[in-house]
Structure formats: structure tokens, C-alpha cells
Amino acid sequence: MEQVGQRKIDGLWLTVVGIAVLFFLILPTLIVIPMSFSGASFLEFPPTSFSFRWYTAYLTSPEWMSATRTSLIAAILTTLIATPLGSLCAYGLHCSAPRIRNAAQILVIMPIVVPVILIAVGVFSLYAKLGLNYTLAGVVIAHTALALPFVIVTVMSGLQNYDFDQELAARSLGASRAYALWTVTVPQVKFSIQTGAFLAFITSLDEVVISMLVSGGDNATITRRMFNSLRDQLDPTIAAISTCLIVVSVVALVGVQLIGRSKNVDK
Amino acid sequence: MSSATQSLPIEISSLCKAYGSVKALDDVSLNIAAGEFLTLLGPSGSGKTTLLMALAGFSRPDSGSIRFGDQEVIATPPHKRGLGMVFQSYALFPFMTVAENVAYPLKIRGVSKSDQKTHAERALDTVQLGGYGDRRITQLSGGQRQRVALARAMVFEPQIILMDEPLSALDKQLREHMQIELKALHQKLDATVVYVTHDQREALTMSDRIAVVNHGRIEQVETPERLYRQPSSFFVADFVGESVSLPVKVANDTAQLGERALKSDSPIAQGSGGHRLVIRPELLEVTSGAVPETANDLSGHVHDIIYQGDSVLVIVQHDSAGQINVRVPANRAGQTGLPSKGERIGLALHPEDTIIVPEHAS
Ligand SMILES: Nc1ncnc2c1ncn2[C@@H]1O[C@H](COP(=O)(O)OP(=O)(O)O)[C@@H](O)[C@H]1O
Ligand SMILES: [Mg+2]
């Protein structure tokens, strides 16, 4: 009897701690949302009045709109480049000898491990020579480099759960390697590729440090503009933009989950 | 797709493949006749899969030649070799239906939708899965999946079919049933089959000829019966079938067990590392009286009698050479006159059943 009671108390503790951790993880994100609907002209929590004025300010500002466009285009291009490139890279590594694969895996993880500020400084100096600073292409290339590891790691883990004999079977039955890859392998690691694409999109959309150095002028990203705006004037427009970004991220995440769910139900 | 399907002979010469210091294929030469069912038999790690993958084109040998008919294929990519292949894991495409799986090779070859359907249905009929076309792979049992894999490998009427341990994931009863079925199927198809297994009984049951593989080399290629009765080395004798072996001395083309010369019908194969007498338990004859002059006398004392259902295994302590196993039928005829434990038993080994092999083939 006593033991059961003890176990119940242990379970209670775990629940309390769990909820507390969750709360601290999500709270800073959620606090922005009510702040964005505030009527005051400075950031306040809890808000004392309600209005949409900061959303209006955001949506009618040419600078903010230009930055939003830059960020979305950069994120979409990054996704479109990093996803096929990273998936092919994962496929190549999956097919290579274990020794090469292990060595390459360390290289691939590098951009995640190295402090982003170092990469940013390196990219900036290189771009200075190439004339890529303040260009959209420059932002996309740098973001693709950052996003690739996420795509590679996700797709490789997907391939690990896939019976590679299937691709050999397809090839022995007359399919060229490319056709076998496209018709047999890709459909079965689709969910990993979609997850990789989502991570690539978010990596680019959220990226601040490299954007601070490399983007600018007409091609400033929204994160760069937000950062500068925080420094100059603390204005609830930031909260409105953050809320929009949260919505975009959540929609993308839910989208990926739903596609994955429908695939699993299908099985 | 070639219209008239006619099976092709395969000619493998001096094939070598090394993985680091491991010689997975060590100078392998083998001729397989058109329409033959040839089995590669050997223990795990002996190089069977490596040889099959070289035939399929998935692994490039370091040297040597492979010819299908009169065409050298060593540099031909897998999808242009026109082979049907069956994998141990079946390698069916789980996101396609049974019919879509079977039609896959036809789709690649640009066969029309309606022809795809009729051909796939016919192939499924052949493997007794008629009407299963719309099922999902996940709804099938292991045996049914195996049949789908077979149907997919033969639907485009390939001239050569390769199979790598296709039955090893099935339970014993189904496996034995499928062995008979596969053999019958081979007789219907006009295709050369190269079959890989590590199960000697399976190889004996199904094959026209068996190539015994050991350490990347082919030890012997023979029909099942001759492989069993006239193994060329101790490895083959030991790997194929049940046996006990005793060391013998060979001088002037006669083998001696202890002091006694052994009578044997077949000449003694040359090799290295000394010779052994291989005794198959079912080839020994239990005699009631003295062993006849024409046979080799292996009499001794009964050490133990083990009942095994279909037969009885008698373990005999030979007078000088060690223990010998004798198998006798478990019916009444086999049991009459069988001595009991500790008694003397007369054992005759006839010259045609006397197998003497070198430790290593030359
Ligand atoms: N990709 C590979 N890399 C390294 N060694 C290998 C590879 N494939 C096979 N081998 C080695 O080659 C030998 C033969 O292997 P395999 O052909 O798979 O044998 P089997 O199919 O008869 O069990 C084994 O010693 C195995 O370890
Ligand atoms: Mg194998």
C-alpha cells in the first residue's frame, strides 16, 4: 500500500517538473502574442489595451514588406536548393564504404558545431572578394550551407530504415539507377525529405547572425531589420512580426506532420 | 525485351574480388549450361553473395570475365543485363500493390497498360497467387511475399534468374514445400537459374548441379548424387550430408585403416594434408553374421542407441579407429537382430560406398 502511494507521489513530481519545463520553453514564445495586440506605443506585458495598429504598421511599411519578401524568397530558394542537394548527398553517403561515410559525417556536422559567428565572419570576408555581400544570392548560398547538414542528417536517418535491396531489385529488373532512385527509394524516404525541407526553410527564415553581416540594403532580411529596429526603437511592430513568423513556422510544421500522418495511415 | 526467350549459358572465368585482405572470390571459373538449375552452396561468408552480385552487375570484380551466351557482360550495368533477381528480404516495394510490383519490370520496358495487366496476372497465376493483384504487400504472409518476388522476377521472361537464399526466411515446412514448387517452376520456365543457399539439403533437393564454395573458391561442381557419393575433398564430404570420418594412410593407391587395406571402387582423389575415410551412417550395413570378404569390415561394440523417430542412430565403438555412426530404419525389419548396448555388432562398408577423400582438394 505504502509503495503504491510512494510511486504515485513520484509520478506527481515528474508531471509537475515536466509541465514546468514545457512552460519555460514555450512561455517566452507565447508572451509575444498578447504584446503584439497592445494599443500602447511601447512593448508592455500584460498589455493594457487592445488594437491591431502594430499589424497595420507592419503591413503598410514598405521597408518591412521588402524585408519580409527578401526573407521569404531566401527561405524558399534555400529550401529548393538544400533539399535535393542534401538528399542526394545523404544518398551518396549511404551508398559509400563505412570508412568514407564516417569521415564525411563529421564534415557534414561541422556547420552545426562551429559557432555561427565564425562562419558569418568567414563568409563575409569571402563575399567581400566575390562581391556577394548585400545580394540575395549571397544570403541564399550562406543559408544553404547552414541548412544542408539538417537535410543530410534527416534523410540519412530515413535511409537507415529503408531496405536498400529494393533499389537493387528495381535495377536488376531493368531500372536505371536514377529511375530506381526516383520511383522506389524516394517515395519511401519522402517523409524524411519533407522534414529536411522544413528544417531548411526554418533555418533560413530564422537566421540572424550571417544575415546581420551579409544581407543589407534592399536585400536585408527581416531578422536583420528586426534586430536593428530593437536596437533603435523598442516598438511593438516587432511583436506583431514575431507573431506572424510563429504562425508561418507552426503552419509549416503542422503541414509536414499532416503529410507524414496521411502517409502512415495509408500503410 | 528480346521476343523469343531462350535461356542463356553463363561462362565465368578467373573471377577475383578482394575486400581489403579478404579474398571474397579467389580465381573462380564456372560454366553453367543454358536452362540449368545451378546452386552455389557454401557456409556463411564463403563468397556466394559476392559471386551472385558480380553476375548481377552490382559489384565489379577485380579481374576475370563473365559471359552470358557469347556476350561479355563484365562492364554492362545491372539494368542492361536482363536478369530476374530474387532477394532474401524479398525486396518488394511496400507502397505498391502486388500487381504494381509484378508489373514494374514491364512498365520500365514500355509495355502497354493492358499488356502489363495480363502479363502480371499470368505471372501471379503461375505462382498460385491469382486474384491477389489488388492486395497490399503488408497484407501477405512470408510465403506469399516470396511468390510475388518470384512472379516479379520472371514476368518479363528473363533468360537468367538469380536467387540469393530466397527461402531462408521461411519456416521449415513452407521452405520444403517451396523447394519442390520452385523446382517445378524452373521446369516450366525456359531460364538458367543460379541459386544461392547454405542449406545442403535444399541444394540436393533442387539442383541440376551444385557448386560447393569455400573461402572464395569453388571446391567441386557436380550433380547432387555424384557430389554426395564422390566428394572431391573432405570439406565437400563434411559439408554435404551427414558423416563421420576416420584418418587413413594412403600408399600405392590403396588406403589403410589401421592395419587393414580398404577396398574402394573409385580411385583415390589426389590432394594435400592426408586422407580420410568418410562414412555415411545410412550406407553401412548391419550384418547378422560375419562381414563378407568383398566388403570392408568396420565391426565394433554398440556404444549407444538413439531413437530419432524416422530412424535409429547406433553409435559404434570401432575396435581400433574410434566412433562410427550407423543409421537403421525405425521399422521392425531394421530392428530385428539389432544388438543391444555393449554387444558386438557386425558392420559392412561396401566398396561402392567407400569414400576416401584428401583433406584438401588439389
Ligand atoms: N562490401 C563488403 N565489404 C567488405 N567485405 C565484404 C563485403 N561484402 C562481402 N565481404 C566479405 O567477403 C566474404 C564473402 O562474403 P559473402 O559473399 O557475403 O558470403 P556469403 O554470401 O557466402 O555468406 C566475407 O568474408 C565477407 O566478410
Ligand atoms: Mg550471402
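Given the structure is predicted, the values throughout are model-derived calculations rather than measurements. So you know, we letter chains A, B, ... as the sequences are listed, proteins then strands, and number each from 1.
- Taking every heavy atom of both residues into account, Y104(B) and A175(A) meet most closely at OH-CB, 3.6 Å.
- The two residues T183(A) and M96(B) come nearest to each other via the heavy atoms O-CE, 4.1 Å.
- Atom NZ of residue K80(B) and atom CZ of residue R171(A) lie 12.0 Å apart, to the nearest 0.5 angstrom.
- Enclosure of atom CE in M110(A) is not indicated, since only 12 or fewer non-hydrogen atoms of other residues, nucleotides or ligands lie within 6.0 angstrom.
- The neighbour count for H94(A) NE2, taken as heavy atoms of other residues, nucleotides or ligands under 6.0 Å away, is above 12.
- The two residues Q188(A) and P94(B) come nearest to each other via the heavy atoms OE1-CG, 3.1 Å.
- Residue L173(A) comes nearest to I108(B) through the heavy atom pair O-CD1, 4.1 Å, listed as atom of the first residue, atom of the second, then distance.
- For chain A, the nearby part of L92(B) is the backbone; its heavy atoms alone come within less than 4.5 Å.
- How far CE of M53(B) is from OG of S172(A): 9.0 Å, rounded to the nearest 0.5 Å.
- Scanning all heavy atoms of the two residues, the minimum distance from F93(B) to Q166(A) falls at CE2-O, 3.3 Å.
- Counting heavy atoms of neighbouring residues, nucleotides and ligands inside a 6.0 Å radius, atom NZ of K107(B) does not exceed 12 of them.
- The number of heavy atoms from other shown groups lying within 6.0 Å of CG (D70(B)) does not exceed 12.
- Of the two parts of A170(A), the backbone and the side chain both hold a non-hydrogen atom closer than 4.5 Å to a non-hydrogen atom of chain B.
- Both the backbone and the side chain of Y179(A) come within contact range of chain B, with heavy atoms under 4.5 Å apart.
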